[in-house]
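Scroll down for the structure; my scribbles are underneath it.
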Number of protein chains: 2
Amino acid sequence: MTEGVLPEAGGSDAESAAGVQRPRRSDATRAAILRAARERFAADGYDRATIRAIAADARIDPSMVIRYYGSKEELFATAAEFDLRLPDLSDVPPDRLGAALVSYFFTRWEEDSTLPALLRTASTNPSAAERVREIFANQLSTAVARLVADPAEAPRRAALVASQLLGVALTRYVLRLPPMVDIPTADLITWLSPTVQRYLRAAPGTD
Amino acid sequence: MTEGVLPEAGGSDAESAAGVQRPRRSDATRAAILRAARERFAADGYDRATIRAIAADARIDPSMVIRYYGSKEELFATAAEFDLRLPDLSDVPPDRLGAALVSYFFTRWEEDSTLPALLRTASTNPSAAERVREIFANQLSTAVARLVADPAEAPRRAALVASQLLGVALTRYVLRLPPMVDIPTADLITWLSPTVQRYLRAAPGTD
DNA sequence: GGCAGAAGTCAACAATCGTTGGCATATCGT
DNA sequence: ACGATATGCCAACGATTGTTGACTTCTGCC
């Protein structure tokens with residue numbers, strides 16, 4: 001609403017149609033807000049991460065957050081945009097798929113705080129939970145579908161994989177269970193890979 | 001503070017020392033508040049579950065909640081008291097421990113909404129997260145210690161078990177991932193039992 | 001150099017929250 | 001029947017929240 005007033009929406013149709021825009025002076029502020037928002041959402045979740053705190057981190061006025069992102073809900077929506085960036089696993093030996101997937105997930109988790117933020121918020125915020133479901137359905141589930149033998153089994157196998165991987169993310173990065181935090185990543189990969197491998201490839205009930 | 005005013009603290013020292021108290025008329029109200037609190041905390045998490053909403057569910061005034069439980073934090077603390085009630089697994093055949101543990105957890109989850117409430121809240125509330133860590137350390141970890149061969153490995157194995165079981169709870173009861181919700185409990189037990197069994201008993205890295 | 005518009009600050013709004021004190025009613029021992 | 005005490009409701013406080021509008025300052029173009 002009042003969209004024409006927003007600086008971001010400024011410019012004629014010709015400029016918009018050009019696609020490439022000259023960088024605005026405010027782009028740095030925008031990025032600072034987004035960075036602070038991701039950290040706060042990751043650390044505190046949606047409700048406890050206040051716009052005032054985010055603005056303080058970004059060293060600007062709380063009103064700027066609203067002016068640039070419309071509302072807290074929209075800010076979270078853009079802060080929680082997340083691409084798993086799953087690599088192409090088509091040339092991985094079928095018996096090493098579990099290990100490849102597990103080790104990739106660890107690198108992805110530790111380079112980007114968006115996923116912990118999403119996980120923390122999804123527990124209480126319905127739209128964040130919906131976002132997680134989308135990521136699962138659009139990214140993990142479709143990728144798993146290309147790896148399994150029977151396509152009809154794909155959603156079920158993907159869900160099992162998600163239960164183990166999100167469980168690790170929950171206990172290690174959100175709840176911070178001491179034993180889980182202390183296990184070296186390499187050991188964790190060794191333990192988890194057979195599990196994921198079995199969920200992906202094994203016949204049901206096989207050990 | 002102002003403890004003497006609270007009805008619950010009433011009575012002479014002699015009465016308190018008697019231990020067994022005659023049931024008060026307000027006990028029903030107390031129980032109704034606690035029941036409503038558990039449901040609200042489970043559904044909405046700590047922040048979004050307002051005292052006013054809990055009071056409305058219990059059909060009493062919000063001020064009664066405070067009078068009976070002191071504060072929202074204390075109310076949550078008593079609402080989130082949780083005993084895993086892990087059964088004695090000492091006479092279960094060692095190769096069936098995984099199946100026994102997994103199937104027990106499903107019955108426990110579905111009969112009591114306290115655990116989902118705790119899980120939902122622990123993502124954003126530090127004291128709830130601490131409570132989960134306590135339950136893990138005092139109940140699951142000690143139980144696992146009696147089942148594994150090498151006691152030094154117990155915390156690590158318990159953490160792995162927790163990662164899988166809490167991952168299922170998260171995806172099925174909190175995030176409600178469609179495939180995870182749809183899988184029949186029996187199938188889920190079939191899939192998960194070998195995983196937990198391996199975490200409990202297998203040598204590291206064994207498939 | 002002046003001016004249009006962007007960038008940022010400030011103060012305040014309305015809503016909601018946990019919490020409190022005062023006051024009415026109900027219950028029960030005597 | 002009476003009084004003490006438990007139980008409950010009502011209204012309000014103070015704090016915090018997201019959000020808004022008016023105002024000032026800065027930047028870049030003619």
Side-chain angles (χ1 to χ4, degrees), chain A residues 1-12 15 21-33 36-37 40-41 44-77 79 121 124-125 127, chain B residues 1-12 14-16 21-33 36-37 40-41 44-77 79 121 124-125 127:
Chain A
M1 33 197 112
T2 73
E3 203 167 331
V5 175
L6 299 177
E8 57 187 334
S12 66
E15 283 178 1
Q21 307 243 358
R22 185 167 46 83
R24 299 176 183 276
R25 186 161 53 97
S26 62
D27 286 349
T29 305
R30 260 194 168 67
I33 294 175
R40 281 284 176 181
F41 283 137
D44 303 335
Y46 184 83
D47 288 305
R48 293 173 117 89
T50 69
I51 285 196
R52 282 173 164 85
I54 293 171
D57 288 355
R59 302 181 190 282
I60 44 93
D61 192 87
S63 63
M64 301 296 292
V65 177
I66 299 295
R67 228 202 264 176
Y68 284 151
Y69 290 95
S71 71
K72 185 182 182 181
E73 192 76 29
E74 292 176 71
L75 171 63
F76 177 78
T121 300
T124 52
N125 187 295
S127 70
Chain B
M1 37 202 106
T2 71
E3 202 167 332
V5 175
L6 298 176
E8 57 187 333
S12 66
E15 284 179 2
S16 302
Q21 308 243 0
R22 184 166 47 80
R24 300 174 182 277
R25 185 164 52 96
S26 63
D27 286 349
T29 306
R30 260 196 172 65
I33 293 175
R40 280 285 176 180
F41 283 136
D44 303 335
Y46 184 83
D47 289 303
R48 293 174 116 88
T50 69
I51 286 197
R52 283 172 162 88
I54 293 171
D57 287 355
R59 303 182 190 280
I60 44 93
D61 191 86
S63 62
M64 302 295 293
V65 178
I66 299 294
R67 225 201 263 181
Y68 283 151
Y69 289 95
S71 70
K72 185 182 182 181
E73 193 76 29
E74 293 176 71
L75 171 63
F76 177 78
T121 300
T124 52
N125 189 295
S127 71

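Chain A is the first sequence line, chain B the second, and so forth, proteins listed ahead of strands; every chain is numbered from 1. Every value quoted in this text rests on a predicted model; they were computed, and no experiment measured them.
Aromatic ring pairs are classed by plane angle as parallel below 30°, tilted from 30° to 60° and perpendicular above 60°; the pair B/Tyr46 and B/Phe41 is parallel.
The distance from atom CG of A/Leu75 to atom C1' of D/dT19 is 14 Å, rounded to the nearest whole Å. As rounded to whole Å, 20 Å separates atom P of D/dT16 from atom CZ of B/Arg48. Rounded to a whole Å, the CD1 atom of B/Ile51 is 11 Å from the P atom of C/dC17. The CD-P distance, from A/Glu73 to D/dT19, rounds to 9 Å in whole Å. A straight line from CD of A/Glu74 to P of D/dT20 spans 10 Å, rounded to a whole angstrom. The separation between A/Lys72 atom NZ and D/dG18 atom P is 4 Å, rounded to whole Å. Between B/Arg52 atom CZ and C/dC17 atom C1' the separation is 6 Å, expressed in whole Å. Here the C1' atom of nucleotide D/dG8 and the CD1 atom of B/Ile66 are 15 Å apart, to the nearest Å.
Taking NZ of A/Lys72 as the reference point, atom OG1 of A/Thr50 lies at 7.0 Å (rounded to 0.5 Å).
Residues B/Ala49 and B/Asp44 come closest through the heavy atom pair N-CB, 3.9 Å.
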I'd like a list of close polar pairs between nucleotides 9-11 of chain D and the protein, N/O only, cut-off under 3.5 Å.
from, atom 1, to, atom 2, distance (Å)
D/dC9, OP2, B/Asp61, N, 2.9
D/dC9, N4, B/Arg67, NH2, 3.4
D/dC10, N4, B/Asp61, OD2, 3.4
D/dC10, N4, B/Ser63, OG, 3.2

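Looking only at side-chain heavy atoms (C-beta outward), A/Val65 and A/Arg30 stay at 4.5 Å or farther from each other.
The phosphate of D/dG18 (OP1 or OP2) has no side-chain N or O of A/Ser71 nearer than 4.0 angstrom.
Counting only heavy atoms from C-beta on, B/Tyr68 has its side chain closest to D/dT7 among D/dT7, C/dA12, C/dT19.
Applying the side-chain contact (heavy atoms from CB on, under 4.5 Å) criterion to A/Glu74, with sequence neighbours excluded, gives A/Ser71.
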N/O donor-acceptor pairs under 3.5 Å from side chains in residues 56-64 of chain B, not counting sequence neighbours:
from, atom 1, to, atom 2, distance (Å)
B/Asp57, OD1, B/Arg40, NH2, 3.4
B/Asp57, OD2, B/Arg40, NE, 2.8
B/Asp61, OD2, B/Ser63, N, 2.9
B/Asp61, OD2, B/Ser63, OG, 2.6

